[in-house]
Number of protein chains: 2
Amino acid sequence: MSTKKIETHRKILESAFRLLTERGYHGVGLEEVARDAGLSRQAVYLHFNSKADLLVATAQYLDSQVGTEEFLRPVFEAKDAVQAMDRAVEAYAAIEPLIYDAAIMIYAQRGFEPAAENAWQDRMEFRRQNVLRGITALEAEGMLAQGWNIEEASDFVWSLLSIHTYEYLVRERKWPIDRFIDRLRQVLHAAIVATPPKPAD
Amino acid sequence: MSTKKIETHRKILESAFRLLTERGYHGVGLEEVARDAGLSRQAVYLHFNSKADLLVATAQYLDSQVGTEEFLRPVFEAKDAVQAMDRAVEAYAAIEPLIYDAAIMIYAQRGFEPAAENAWQDRMEFRRQNVLRGITALEAEGMLAQGWNIEEASDFVWSLLSIHTYEYLVRERKWPIDRFIDRLRQVLHAAIVATPPKPAD
DNA sequence: TCCTCCACTTTACATAGTGTAAAGTGGAGT
DNA sequence: ACTCCACTTTACACTATGTAAAGTGGAGGA
């Protein structure tokens, strides 16, 4: 692809991102996206096969802009699995607001557009693998609470750290982000971290 | 409304429910819903103002069919707040599969259709009030874990008992419903139920 | 029995969006 | 000067929602 085409590609994605997140998937037509990017509607079809394709590409573009790895670095550098977990909650709370609009849009379209379903599954699987690593480490350090196994604890934590928990508590219930972080940590500690052996007396 | 019209109304709702849940909101047109109900497309507009209206009416119709109160009765008849909570988890796990399709459809449309947004908020508020009552009782019995207040504990439990937790764990991760119930109870006990005072020795 | 009402049909139309097709344009690179 | 190609322009096919209005047929009341 020529430099020019790549540049146009990016312009479409940025117009699409802004308009789609402002007004929702059905709230904007490709006509308007194209106009916003300074192009004809047909030009958009030279870059993306369909509106659904554009949505998915937009979400992936956003992901690349957000730089998830940066946020996750402290997690991997933690001194133990419990600290990693606490840091993961913080990272999660920092990333979620940035990707919320796009993620929810993908989620809402996943029932109708196979491309959106794939994008959603990819994202979920990525997250679940990260959680699985964390829980595996927790278990290896003997800090996974009794009564849990790695698989089920991972599933549960993955579900707890989903975009919907953020939506319910922060967006709907207006929790300040610090409360959100503290409460999630509190729950995770209580529910899946082993209580420390009695201090020797 | 005449008996005949009410009957037709119901027929439309049942056709709509089946087709919409089978193929999704955008997967069926009113043409097809009407045909399925043995009517012309225009007849549907004599009963519902728009497709969005029909969706909302369908979800409400389903709610009325499900009989949520029946499921919740054991919760209100529990001997204490902790037992009520355990029973609430069971009721929740019984109701969720029945309303899942319709609820998710309403959820997915809520960004586009104010009617769907209202229906969603109503449902959420109903649930949140129920949870709030439960947590208030828990606190009154001195069984709310330290570090929680009623408001925040309610928000958290409400979010944990959302349709999305069911979606993630049962639908996506294929948890058997019993495991789902057990794990949720386990988490709730660990996270928000007070540890009993040390038995006298 | 006749009349009226009304739920529903039929036909038609306006509007809006997605996606396809194909000829034309203008500028950048060789 | 020639070519390529990204993009424009115009046009069309298709599908859906929603509106409008005249017509039909049967049930219920006078």
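These numbers come from the heavy atoms of this one structure, side chains and all, not from hydrogens, waters or symmetry mates. All chains are named by letter (A, B, ...) in the order of the sequence lines, taking the proteins before the strands, and each is independently numbered beginning at 1.
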If I take atom CG in residue B/L46 and atom P in nucleotide C/dC5, what distance separates them, rounded to the nearest angstrom? 18 Å

Identify which one of B/R127, B/Q129, B/R123 satisfies the side chain to side chain donor-acceptor pair (under 3.5 Å) criterion when paired with B/E125. B/Q129

Whole-Å distance between D/dT19 P and B/N49 CG? 8 Å

Would you say B/Q109 and B/E117 are linked by a side-chain donor-acceptor pair, where the criterion is simply a distance under 3.5 Å? no

Of the listed nucleotides D/dC7, C/dG19, C/dC8, the one nearest the side chain of A/H47: D/dC7

How close or far is atom P of D/dT17 from atom CG of B/D53, stated in whole angstroms? 14 Å

Counting heavy atoms from C-beta on, name the nucleotide in C/dT18, D/dA20, D/dC7 closest to the side chain of B/Q42. D/dA20

Closest listed nucleotide, where the reference is the side chain of B/R41 and the choices are D/dC7, D/dT8, D/dG18: D/dG18

Return the value, rounded to whole Å, for the distance between atom CZ of B/R35 and atom P of D/dA16. 10 Å

A/S40 has its side chain closest, among C/dT9, C/dG17, D/dT8, to D/dT8

Starting at atom NE2 of A/H9, determine the distance to atom C1' of D/dC7, rounded to an integer number of angstrom. 16 Å

Please report, rounded to the nearest Å, how far the P atom of D/dA16 is from the CG atom of B/L19. 13 Å

Given the ring of A/Y100, does A/R171 sit roughly above its face, with NZ or CZ under 6.0 Å from the centre of the six-membered ring and within 45° of the axis? yes

Between B/H9 and B/Y61: side-chain donor-acceptor atoms closer than 3.5 Å: no

So, OP1 or OP2 of D/dC7: does either fall under 4.0 Å of a side-chain N or O from A/T8? yes

I want to verify a distance call: between D/dC7, C/dG19, C/dT9, whose nearest atom is closest to the A/L30 side chain? C/dG19

Length of the CG-P vector between B/L39 and C/dC6, whole Å: 19 Å

Is the closest side-chain donor-acceptor distance between A/S15 and A/D36 under 3.5 Å? yes

Separation of D/dA16 C1' from A/K51 NZ (nearest whole Å): 14 Å

Which nucleotide in C/dG19, D/dT17, D/dC7 has an atom nearest any side-chain atom of A/Y45: C/dG19

How bent is the helix from C/dT1-D/dA30 to C/dT30-D/dA1, comparing axes over its five end pairs at each side, to the nearest 10°? 10°

Quick check: B/Y107 with A/Y107 (ring centres under 6.0 Å apart)? yes

Would you call B/R87 and B/E77 a salt bridge, taking side-chain N to carboxylate O under 4.0 Å as the test? no

Whichever of B/E113 and A/G38 has the more 5' nearest nucleotide on DNA chain D, that residue is A/G38

